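When reading the values below, keep in mind they use all heavy atoms of this one structure, side chains included, and skip hydrogens, waters and symmetry mates. Just so it is clear, the model here is predicted, and its values are computed rather than measured. Order of listing sets the numbers, starting from 1, for every ligand and every atom in it.
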Amino acid sequence: MGKTEIQQDTYLVGVGVSPGIGIGRICLLNRLSHVLEWEISAAEIDTELARFRAALATAADQLHEVKQKVSNQEHLREHIYILDTHLLILEDQLLISQTEDLIRQNFNVESALDQALKKMRVMFEKIEDDYLRERSSDLDAVGQRIQRVLAGITDNRLEKLDEKSLVAAHDLSPADTMQLEKSKVVGFITDRGGRTSHTAILARSLGIPAVVGLESATAVVQNNLPAIVDGSTGVVILNPSEDTFKEYLKRKLAFEYLEKELCHYRDLAAETTDNVQVVLRANLELVSDVPGARQDGACGIGLYRTEFLYLNRETPPTEKEQFQAYSKIARSIAPDPVTIRTLDVGGDKFLKDFSLENEDNPAMGLRAVRFSLREIDLFKVQLRAILRASAFGQVRIMFPMISGVAEIRTCKRLLNCVKSELDAQGIAYDPEIKTGIMIETPAAVMIAPLLAPEVDFFSVGTNDLIQYCLAVDRGNEHVAYLYEPLHPAILRALKLVCDAAKETGTDVSICGEMAGEPMYLAVLIGLGLRELSMNHPCIPRVKRVLRELSCADAEKLVAKLMKFPTGKEVATCLDREMRRQLPDLFGTFVI
Ligand code: PEP
Ligand code: MG
């Protein structure tokens, strides 16, 4: 298909998955867009089978070579498992046997492989879980690699990139992404992909601005085309005009300046102007994010979402695997604590083989601790692994989606049972391990004084609390306008929890996304929260605002905000107050 001249300032919008602005020229990665199909004769079958086996071997050699290269790079070493996944796909017996069967039915290798991959992709696409579904991109990446070998394409453009390349690809595989040299690649854009794809995860690790899910960008762009990628907003501008170029250059410099400035906050105290200390911790999905959390000045991990260990695989992780992951975090974040949350599946995340997808109302179904309490054996394996890891650092254990006292009592009974088993086996753990719960159901808010004596700490999960309090599905774009963190009901719910915690002497923190939003900081501090856990890149920004706030003023502000009858009025007043109090932070700069 011929490509027409691209108009100046052509905007494309996708999903921004790695913040920052990249300005450069497009380097379109040539990927095979179609597969040739022809019929082979019976006499050619053996040759085709041999060609297939040889292509698999060459593809494996290539992956081993990449692995070798990245193993010398500290920041990429954690991601070698992706290459291992690709190597496993190359050995997948289903893929191999289906391709070989088709070759025996007189299809050429290219077409046989393509058909076998399509069948497997259909299986993947039926999976409801976003994270798992996106793993079909690993399958595509491996398929592309084998097809390139079959086509005799050995030229690896990624190794010959010019300075300031903006890589454009239909789907950049994680193996490709690992090879991107930060000194040359100023950003990348892909047609496919989502927030939880490996490629997105890697882009963030590498600090390369990236926009994915653009659907048909590679059909539009051409090599050497000047372009801008804004990984914060998900906007891509092709053939920018001089004015746009200048505007984005300014934004890029402001972003970089702010990033550099924010580094200074890493070692500064997290305290208000009236000397109130606040603990800022990180939320963690991947073990490999611990160094990033540390670098941003996190004082421990306030929420480790263990479900990411369970997704993207056929069988749940063994006790050993879990123990290795948990103890690694505990050791690397020590002497600061890590709060390990037990499995939170169901809702919008499903495990293979547990038939949860068919629930009519999964958000209110067999989710989180409810699931664990049904799958007791699975739960006990996780509790054992967490307890064993507690011997290697300051580990705390947290149960998600508690809605009643009976649930937490059952969890504690099981925990005690596992402790006794460990005692009997002489296996070490921290006997004083702290136990807490997520406060994320309206029921937990209302009975917080009754839950308090059962636990050592509360952690408020506003992401779910808002969804359940306001009856607004957190993932449904049609009701997104109703998802208001500053709704008077949410402010009252937060106040109830903070007051109950204060009265009962229970530690309370917040780990929902609200915690990382600088605009809400005064509200949270004013309500009495002194421990916030957030995505680690938010920590320097939040600390910067915190150091300019007075706790006494924040308390007065909350009293004022409590009087408004609508979320909109609360938001308007808060915005005005913040701009008035901190014009440098909220007036001109967007933080
Ligand atoms: C929450 O609900 O606020 C929370 C932190 O947990 P998750 O986003 O994993 O549901
Ligand atoms: Mg939650």
Side-chain angles (χ1 to χ4, degrees), residues 129-131 195-196 201 280-286 289 293 298 300-312 338-351 356 361-372 382 396-403 407-408 411 436-445 448 451 457-476 480 483-487 489-491 493-494 496-498 507-517 520 523-524 527 529 531-539 542:
D129 178 78
D130 286 349
Y131 184 81
R195 246 174 246 288
T196 53
I201 294 166
L280 304 180
R281 304 200 205 274
N283 291 351
L284 191 81
E285 284 80 43
L286 299 172
D289 263 355
I301 307 297
L303 165 67
Y304 172 43
R305 291 179 163 104
T306 55
E307 51 275 13
F308 284 86
L309 267 186
Y310 289 67
L311 303 177
N312 189 26
V338 48
T339 300
I340 302 182
R341 182 176 75 181
T342 62
L343 188 59
D344 182 0
V345 282
D348 60 352
K349 300 171 239 158
F350 303 109
L351 293 193
L356 289 175
N361 199 347
M364 296 198 190
L366 197 61
R367 194 191 149 180
V369 78
R370 302 168 182 189
F371 174 80
S372 296
Q382 182 168 40
R396 313 197 303 176
I397 184 164
M398 177 157 75
F399 301 104
M401 213 186 156
I402 293 289
S403 60
E407 266 170 339
I408 178 64
C411 290
I437 53 172
M438 295 278 296
I439 300 283
E440 51 186 348
T441 64
V445 172
L451 289 166
F457 64 92
F458 292 153
S459 183
V460 188
T462 43
N463 305 341
D464 276 315
L465 187 59
I466 296 169
Q467 118 159 318
Y468 293 128
C469 263
L470 303 182
V472 176
D473 180 346
R474 66 196 252 194
N476 181 337
Y483 192 92
E484 290 179 287
L486 295 176
H487 189 290
I490 303 303
L491 295 188
L494 292 174
L496 279 175
V497 179
C498 291
D507 283 348
V508 61
S509 62
I510 173 171
C511 62
E513 293 299 302
M514 267 185 98
E517 173 53 67
Y520 301 147
V523 178
L524 303 178
L527 281 166
L529 284 154
E531 188 182 323
L532 318 177
S533 191
M534 62 201 76
N535 301 322
H536 68 80
C538 300
I539 294 175
V542 167

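Atoms of ligand 1 found under 4.0 Å from any heavy atom of D464, numbered from 1 in the order shown, are 1 (C), 2 (O), 3 (O), 10 (O). Set against the non-hydrogen atoms of C511, the atoms of ligand 1 under 4.0 Å away are 5 (C). Counting atoms of ligand 1 from 1 in the listed order, those under 4.0 Å from a heavy atom of E440 are 1 (C), 2 (O). Each of the following atoms of ligand 1 lies closer than 4.0 Å to a heavy atom of R305: 4 (C), 5 (C), 6 (O), 7 (P), 8 (O), 9 (O). Near L303, meaning under 4.0 Å from any of its heavy atoms, are these atoms of ligand 1: 5 (C).
With sequence neighbours excluded, no residue satisfies side chain to side chain donor-acceptor pair (under 3.5 Å) with E440. Partners of Y483 under the side chain to side chain donor-acceptor pair (under 3.5 Å) rule, at least two apart in sequence or in another chain, do not exist in this structure. Qualifying salt bridge (Lys or Arg N to Asp or Glu O under 4.0 Å) partners for E531, counting only residues two or more places apart in sequence or in other chains: R281, R396.
Protein atoms that are N, O or S and lie under 2.8 Å from the Mg ion (ligand 2) are these: E440 OE1, D464 OD2.
Although no hydrogens or angles enter the test, the distance criterion places a donor-acceptor pair under 3.5 Å between the side chain of Y468 and the main chain of A363. Under a 3.5 Å cut-off, the side chain of S533 and the backbone N or O of A282 do form a donor-acceptor pair.
For the ligand labelled ligand 1, residue Q467 lies outside the 4.0 Å heavy-atom shell. For M438, the closest heavy-atom approach to ligand 1 falls below 4.0 Å.
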Start with the C-alpha distance between I397 and I340, add both sets of side-chain angles, then the distance that settles side chain to side chain contact (heavy atoms under 4.5 Å, CB included), and finish with yes or no.
CA-CA 5 Å; I397 184 164; I340 302 182; 5.7 Å; no
Evaluate the criterion side chain to side chain contact (heavy atoms under 4.5 Å, CB included) for residue pair E517 and M534; output intermediate values, then yes/no.
CA-CA 9 Å; E517 173 53 67; M534 62 201 76; over 6 Å; no
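With 3.5 Å as the limit, one finds a donor-acceptor pair spanning the side chains of Q382 and T306.
Annotation for E513 and N535: closest pair OE1-ND2, 3.1 Å, computed over non-hydrogen atoms.
Between R341 and R305 the shortest side-chain heavy-atom distance falls below 4.5 Å.
Only the side chain of R367 comes within 4.0 Å of ligand 1, counting heavy atoms alone; its backbone N, CA, C and O stay farther away.
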